Amino acid sequence: MLDLKLVQKNPELVREALEKRGSDIDIEVFNSLDQKRKELVQEVETLKAERNRASGEISKRKRSGEDASDLIETMGKVASRVKELDSELGEIEAREREWLVSCPNIPNETTPLGKSEDDNPVLRYWGDKPKLDFKPKEHWELGTALGGLDFERAAKLAGARFAVQFGWAARLERALAAFMLDVQVGEHGHTEVIPPYMVNSTSMFGTGQLPKFAGDSFKLADWDYYLIPTAEVPLTNLYRDEVLEEDMLPVKFCALTPCFRSEAGSYGKDTKGLIRQHQFHKVEMVRFAHPEHSYEDLEEMTANAETILQKLGIHYRVIELCTGDIGFSSAKTYDIEVWLPGQDKYREISSCSNIEDFQARRANIRFKPRDSKKTAFVHTLNGSGLAVGRTFVAVLENFQQADGSLLIPEALKPYMGGIEKVEAP
RNA sequence: GGAGAGGUGGCCGAGCUGGCUGAAGGCGCACGCCUGCUAAGCGUGUAAUGGGGUAACUCAUUCGGGGGUUCAAAUCCCCCCCUCUCCGCCA
């Protein structure tokens with residue numbers, strides 16, 4: 001959520017930001033609502049002041065035994081007018097707020113201009129594509145052939161966009177998750193968290209999933225519970241309505257959680273394999289940062305995510321999302337895209353964003369600067385470190401062998417219970 | 001699932017037979033005084049948000065959230081949320 005005052009006092013800045021994003025949100029709608037609001041407020045407050053004065057007078061007369069019926073009668077009329085204006089004002093304010101919470105964040109000035117994902121600049125590459133002297137399989141083909149992946153039975157249990165992992169595949173998933181956590185906790189100083197995997201609508205609102213993206217999540221019938229689409233939601237909301245000490249910042253959390261997404265609107269996209277599932281595991285990093293240092297935090301967090309692929313020895317590139325492709329809440333986002341030989345493509349495996357104070361304002365997360373009496377909003381950041389399911393895909397596609405077997409990357413061996421190579425049954 | 005208790009300012013805690021109560025008292029905090037040994041005492045001040053004014057100041061809103069009654073609601077009525085205790089059930 002943007003600062004109401006900013007939108008009121010600097011609508012041009014907001015208009016510009018919306019244009020850069022290619023957003024269809026109209027600032028004029030807000031402007032006219034706000035104009036009307038100001039007029040109503042002025043009128044109703046004048047009446048209320050009059051009513052309060054009269055109330056005091058009535059009270060005084062009553063206590064001294066005087067008659068006040070004339071005042072009471074006049075105030076009856078004022079009261080009904082106040083009621084009218086109040087309800088009108090309430091409606092305007094509700095619409096104004098609706099506009100405000102549907103308005104995306106203002107991109108940071110360093111976020112590159114662009115219309116779509118085609119305009120996202122590549123910042124850097126790490127490593128090299130593996131030299132395979134055979135035609136690489138796609139991960140679902142390999143995983144199925146090796147007896148680890150089963151999409152048919154998953155469809156029987158639940159439906160499309162689910163998978164069952166057996167034996168080595170389940171073990172590999174667990175190994176990846178444990179490995180990632182060990183790095184993010186042990187080497188990068190994150191505090192490990194196990195949060196609820198369901199959250200209430202207030203939490204979903206706090207991070208920006210609601211109200212605009214309600215259809216993207218799973219909601220439990222008859223409960224105000226949503227399955228978390230990412231651990232960003234519970235982790236960021238941990239400090240909702242709290243005031244942190246300046247010395248605490250940055251606070252660095254990470255969590256391994258399942259993530260649940262409806263993937264509405266993605267019909268026909270990535271229908272095969274593990275790339276786009278209703279349920280997947282992700283190690284998520286969330287930071288509460290000092291506003292003055294949040295962009296350094298973004299660089300560090302992105303590096304934290306990259307470390308995982310470097311240790312695994314998998315080629316990737318880092319791109320920066322342009323203004324037309326950046327997420328609703330984000331001011332600046334780096335995506336890490338891993339190389340998938342089977343698909344012959346780079347695919348997103350991590351997304352690291354600085355949300356600045358956009359979520360902090362929604363969720364009311366503040367800190368107390370040492371030299372000031374006023375509290376200020378923190379900056380929140382989040383990034384995958386990494387998406388476990390997609391890393392599983394990357395391992396399969398990058399470490400497959402000509403004979404159809406799969407080698408386990410060095411870094412994962414300690415986690416694999418002695419499995420070093422997976423061969424067809 | 002059943003029964004009960006409660007949600008008030010940074011915190012604790014009165015008020016809840018409706019009317020100078022934005023809210024006693026305490027703690028904490030800030031400033032000042034006093035005092036020469038840890039420390040204590042005394043005095044004063046101390047909510048947030050929005051509007052107007054250079055300013056002193058002033059107006060409005062806020063006692064979990066929403067609605068209602070009334071000239072007037074922290075106080076009365078209705079709905080919802082949350083927390084706690086006891087019982088039941090349960091990995």
Side-chain angles (χ1 to χ4, degrees), chain A residues 1-11 30-31 33-101 194-206 210-211 219-226 234 237-248 257-258 357 360-378:
Chain A
M1 186 163 65
L2 297 178
D3 184 5
L4 178 64
K5 278 192 198 154
L6 175 84
V7 187
Q8 287 170 331
K9 287 179 181 156
N10 214 337
F30 175 89
N31 285 341
L33 282 172
D34 199 52
Q35 184 56 38
K36 181 74 185 160
R37 201 201 93 245
K38 279 181 193 154
E39 290 165 12
L40 283 171
V41 164
Q42 202 169 7
E43 192 180 349
V44 78
E45 286 198 353
T46 310
L47 285 177
K48 280 182 178 172
E50 189 185 335
R51 184 188 65 186
N52 290 346
R53 231 178 293 122
S55 252
E57 176 65 21
I58 290 169
S59 164
K60 205 183 292 176
R61 287 199 203 170
K62 289 243 170 188
R63 272 181 286 121
S64 64
E66 288 173 65
D67 178 58
S69 52
D70 56 325
L71 266 181
I72 290 177
E73 200 189 323
T74 343
M75 283 310 106
K77 289 181 196 130
V78 171
S80 64
R81 178 66 183 147
V82 164
K83 191 179 259 185
E84 265 174 46
L85 289 172
D86 260 342
S87 79
E88 204 177 327
L89 182 61
E91 206 173 301
I92 297 280
E93 281 176 340
R95 282 164 63 193
E96 199 168 319
R97 180 169 170 77
E98 208 173 295
W99 187 93
L100 200 64
V101 299
I194 299 180
Y197 300 154
M198 293 175 227
V199 295
N200 57 31
S201 53
T202 311
S203 298
M204 291 288 276
F205 178 85
L210 292 181
K219 182 180 186 301
L220 298 209
D222 304 324
W223 291 83
D224 182 33
Y225 286 156
Y226 291 79
N237 277 282
L238 280 172
Y239 287 144
R240 188 175 70 224
D241 293 322
E242 293 193 33
V243 179
L244 308 181
E245 294 300 324
E246 187 174 28
D247 301 340
M248 292 168 68
T257 72
D357 63 5
R361 186 172 294 106
R362 280 181 167 239
N364 192 30
I365 307 168
R366 296 167 296 168
F367 74 102
K368 201 166 182 57
R370 220 171 297 108
D371 50 356
S372 162
K373 280 180 186 159
K374 283 236 171 188
T375 53
F377 290 113
V378 301

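Nothing here was measured: the structure is a model prediction, and the numbers come from that model. Lettering follows sequence order; numbering is per chain, from 1.
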Notebook entry, point to check: Looking only at atom P, what distance separates B:C11 and B:U49, rounded to whole Å?
Noted result: 15 Å

*If you measure from the P atom in B:A60 to the same atom in B:A23, how many Å do you get, rounded?*
13 Å

Between A:Val41 and A:Lys83, whichever has its closest RNA chain B nucleotide further toward 5' is A:Val41

Atom NZ of A:Lys62 and atom P of B:U70 are separated, to the nearest Å, by 14 Å

Expressed in whole Å, how much space separates the C1' atoms belonging to B:C77 and B:C12?
30 Å

Exercise. Take atom P in B:C42 and the same atom in B:A55, then report the distance between them in whole Å.
Key: 38 Å

Is a donor from one side chain sitting under 3.5 angstrom from an acceptor on the other, for A:Ser55 and A:Asn52? no

For B:A24 and B:A48, measure between their P atoms and round to the nearest Å. 15 Å

Note: contacts of residues 68-75 of chain A with RNA chain B (heavy atom, under 4.0 Å) are A:Ile72, A:Met75

Looking only at atom C1', what distance separates B:G45 and B:G9, rounded to whole Å?
16 Å

Separation between CG (A:Leu47) and CZ (A:Arg81), nearest 0.5 Å, reads 7.0 Å

Hits for side chain to side chain donor-acceptor pair (under 3.5 Å) against A:Gln42, two or more places apart or cross-chain, chain-then-number order -> none

Rounded C1' spacing from B:C81 to B:G65 in Å | 7 Å

Could I get a table of every N or O pair under 3.5 Å where one atom is in the protein and the other is in nucleotides 57-61 of chain B?
residue: B:A60; atom: OP1; partner: A:Asn52; partner atom: ND2; Å: 2.8
residue: B:A60; atom: O2'; partner: A:Glu45; partner atom: OE2; Å: 3.4
residue: B:U61; atom: OP2; partner: A:Asn52; partner atom: ND2; Å: 3.3

* Asked: With rounding to whole Å, what would you report as the distance between B:C20 and B:A72 at their C1' atoms?
  -> 13 Å

